[in-house]
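Just so you know, these numbers use all the heavy atoms, side chains as well, and skip hydrogens, waters and symmetry mates.
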Amino acid sequence: MKSTQQLERQLKRHSKAARLENWGRFISFSALLLIVAVVVGIIGFVASKGIATFTTNHVSLWDFLTEKTWNPNIKDAHGNPEVGALPMIVGSFLITILSAIVATPFAIGTAVFMNEISPNRGAKILQPVTELLVGIPSVVYGFIGLSVVVPATRAIFGGSGFGILSGTCVLFVMILPTVTSMSADALKSVPRYYREASLALGATQWQTIYKVVLRAATPGLMTAVVFGMARAFGEALAVQMVIGNAALMPSSLVAPSSTLTSVLTTGIGNTVMGSLQNNALWSLALVLLLMSLVFNLIIRLIGRKGRM
């Protein structure tokens with residue numbers, strides 16, 4: 001009887017591997033909960049600060065999104081604070097879209113050369129260059145833009161050199177390695193038998209690349225472009241150094257302008273917590289956060305469509 005009870009206890013006892021597995025599950029689940037809590041906390045904190053402009057200071061949401069004058073320290077003739085965020089929103093979208101338009105052909109062309117034209121020699125040369133561009137800090141891009149791009153823009157197009165065009169040139173170089181690496185991964189994911197079947201039917205290499213490989217990799221390429229746009233939309237320091245930081249509606253590509261991030265970085269340290277000026281900046285941060293979430297949603301939708 002005693003031996004039977006001992007055997008039963010031994011059989012019910014968890015082995016060392018089972019205990020390690022339980023500990024692994026506990027640690028993984030705890031890390032997952034921590035990440036979720038941090039994300040929810042960040043969104044909740046920014047949202048609570050951002051909506052204070054409309055709940056505490058009673059600023060109209062429509063006026064905030066559509067008015068063109070940004071000067072929270074001054075009130076208009078009707079006694080309403082001048083917190084029109086439209087110039088910064090337009091500037092952010094304009095510089096993001098233009099940089100993506102310029103970077104996409106270069107990125108896809110580089111990815112095609114690395115994977116389809118010269119997969120051995122091209123990858124050995126271009127892959128280290130791409131990785132080097134990723135590792136350069138934003139402030140270095142900003143200094144290069146301030147020292148090279150701004151004077152070149154001033155000499156060629158006139159004006160002060162600060163504006164959307166200079167910011168586009170800087171952001172183009174910054175998002176190029178991101179879009180390139182993700183485009184290369186998208187091309188690598190295309191099955192090899194797609195290429196072999198196209199070549200077997202008599203298509204040339206360029207016809208195979210254009211009509212088969214690129215079309216099969218379209219969801220991945222679109223994801224790369226949107227990811228690059230999200231990267232450009234949230235860039236602050238480099239853009240701040242070359243765009244001019246004027247909270248005005250962009251009248252031309254070479255006129256000083258501003259973005260959500262440039263106004264945030266220049267103004268958040270000069271305001272008092274809880275004041276209208278501070279709350280208005282938090283509202284800009286909330287707009288920036290919502291747009292980042294929209295970009296992530298678009299990426300997920302494109303990825304789901306690609307899997308389908």
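The side-chain hydrogen bond (donor to acceptor under 3.5 Å, both in side chains) pairs that include a residue from residues 31-44 number zero, where partners must be two or more places apart or lie in different chains.
The side-chain heavy atoms of Leu237 and Thr265, taken from C-beta on, include no pair separated by under 4.5 Å.
Of all heavy-atom pairs spanning Val170 and Ala238, the tightest one is CG1-CB, 3.9 Å. Nearest heavy-atom pair, Thr96 versus Ala232, reported as atom, atom and distance to 0.1 Å: OG1-C, 4.0 Å. Shown here for Ala280 and Thr53, the closest heavy-atom pair between the two residues is N-OG1, 3.4 Å. Across all non-hydrogen atoms, the minimal contact from Arg215 to Tyr210 is CG-O, 3.8 Å. When all heavy atoms of Phe172 and Ala103 are compared, the pair lying nearest together is CD1-CA, 3.5 Å.
For Phe227, the CZ atom sits in a loose shell: 12 or fewer heavy atoms of surrounding residues, nucleotides or ligands are nearer than 6.0 Å. Other residues, nucleotides and ligands place no more than 12 heavy atoms under 6.0 Å from the OH atom of Tyr194. Atom CE of Met291 has more than 12 heavy atoms from other residues, nucleotides or ligands within 6.0 Å.
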Please lay out, stage by stage, how Glu67 and Val83 fare under the test side chain to side chain contact (heavy atoms under 4.5 Å, CB included).
CA-CA 7 Å; Glu67 291 295 328; Val83 286; over 6 Å; no
Walk me through it: do Met273 and Trp282 pass the test side chain to side chain contact (heavy atoms under 4.5 Å, CB included)?
CA-CA 10 Å; Met273 185 68 70; Trp282 278 108; 4.1 Å; yes
Does the side chain to side chain contact (heavy atoms under 4.5 Å, CB included) test come out yes or no for Trp206 and Ile117, once each step is laid out?
CA-CA 9 Å; Trp206 283 107; Ile117 307 301; 4.1 Å; yes
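The aromatic ring centroids of Phe93 and Phe233 lie less than 6.0 Å from each other.
Leu171 is not connected to Ile89 by any chain of hydrophobic side-chain contacts under 4.5 Å among Ile, Leu, Val, Met, Phe, Trp and Tyr, and they are in different clusters.
Side-chain atoms of Gln277 and Asn73 include a donor-acceptor pair closer than 3.5 Å.
Interatomic distance, Asn296 CG to Arg300 CZ, rounded to the nearest 0.5 Å: 9.0 Å.
Looking only at distances, no side-chain donor or acceptor of Thr104 sits under 3.5 Å from a matching main-chain atom of Ile101.
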